[in-house]
Chemist: 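Below you will find the structure I want to go over with you.
The structure presented is a predicted model; accordingly, all values stated were derived computationally and were not measured.
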Amino acid sequence: MNNKADTQSWLEWQQAVVKLIREDFSEVLTQVGEEDVDWDAWRPLYDQGLSPRDAVADAFLLLPA
């Protein structure tokens, strides 16, 4: 993934993940920023094609509603 479009997609995905973590876990994880996330651990979820919502659910072991 070397072209600008792919890089932008990864960056947008990261921003969406952080936004979801802030929204879904605001009671426990306050002031979460992009610099607080281990993106090396999250990258495989992005590479698998998971949406930000599905990646957060997978990472935090959330069950479907």
Side-chain angles (χ1 to χ4, degrees):
M1 299 182 102
N2 292 331
N3 71 38
K4 187 174 181 179
D6 289 339
T7 301
Q8 185 63 40
S9 295
W10 169 233
L11 294 175
E12 289 174 354
W13 192 90
Q14 289 173 302
Q15 292 168 349
V17 165
V18 170
K19 182 179 179 196
L20 287 167
I21 291 171
R22 286 179 183 150
E23 291 172 359
D24 294 351
F25 300 98
S26 62
E27 295 174 8
V28 238
L29 300 173
T30 58
Q31 301 178 356
V32 173
E34 291 179 33
E35 67 282 354
D36 298 315
V37 178
D38 178 0
W39 292 116
D40 289 337
W42 285 78
R43 184 64 192 232
L45 300 175
Y46 171 78
D47 290 340
Q48 290 172 29
L50 269 62
S51 69
R53 168 82 49 211
D54 289 341
V56 170
D58 186 78
F60 288 92
L61 301 174
L62 300 177
L63 299 175

Chemist: Excluding sequence neighbours, so at least two apart, what forms side-chain contact (heavy atoms from CB on, under 4.5 Å) with D38?
Modeler: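 side-chain contact (heavy atoms from CB on, under 4.5 Å) list for D38, sorted by chain: D40, A41.
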Chemist: Before giving the answer on side chain to side chain contact (heavy atoms under 4.5 Å, CB included), spell out for Q14 and W42 the whole-Å C-alpha distance, their side-chain angles and the decisive distance to 0.1 Å.
Modeler: CA-CA 9 Å; Q14 289 173 302; W42 285 78; over 6 Å; no
Chemist: Not counting sequence neighbours, which residues clear side-chain contact (heavy atoms from CB on, under 4.5 Å) with Q48? List them please.
Modeler: P44, L45, L50
Chemist: Take W39 and W10 through the side chain to side chain contact (heavy atoms under 4.5 Å, CB included) test and state the conclusion after the steps.
Modeler: CA-CA 10 Å; W39 292 116; W10 169 233; 4.1 Å; yes
Chemist: Just list the side-chain donor-acceptor pairs under 3.5 Å for residues 17-26, sequence neighbours left out, or say none.
Modeler:
{"residue": "R22", "atom": "NE", "partner": "V32", "partner atom": "O", "Å": "2.6"}
{"residue": "R22", "atom": "NH2", "partner": "V32", "partner atom": "O", "Å": "2.9"}
{"residue": "D24", "atom": "OD2", "partner": "R53", "partner atom": "NH1", "Å": "2.6"}

Chemist: Indicate the atoms forming the closest heavy-atom contact of S9 with Y46, along with that distance.
Modeler: CB-OH, 3.4 Å
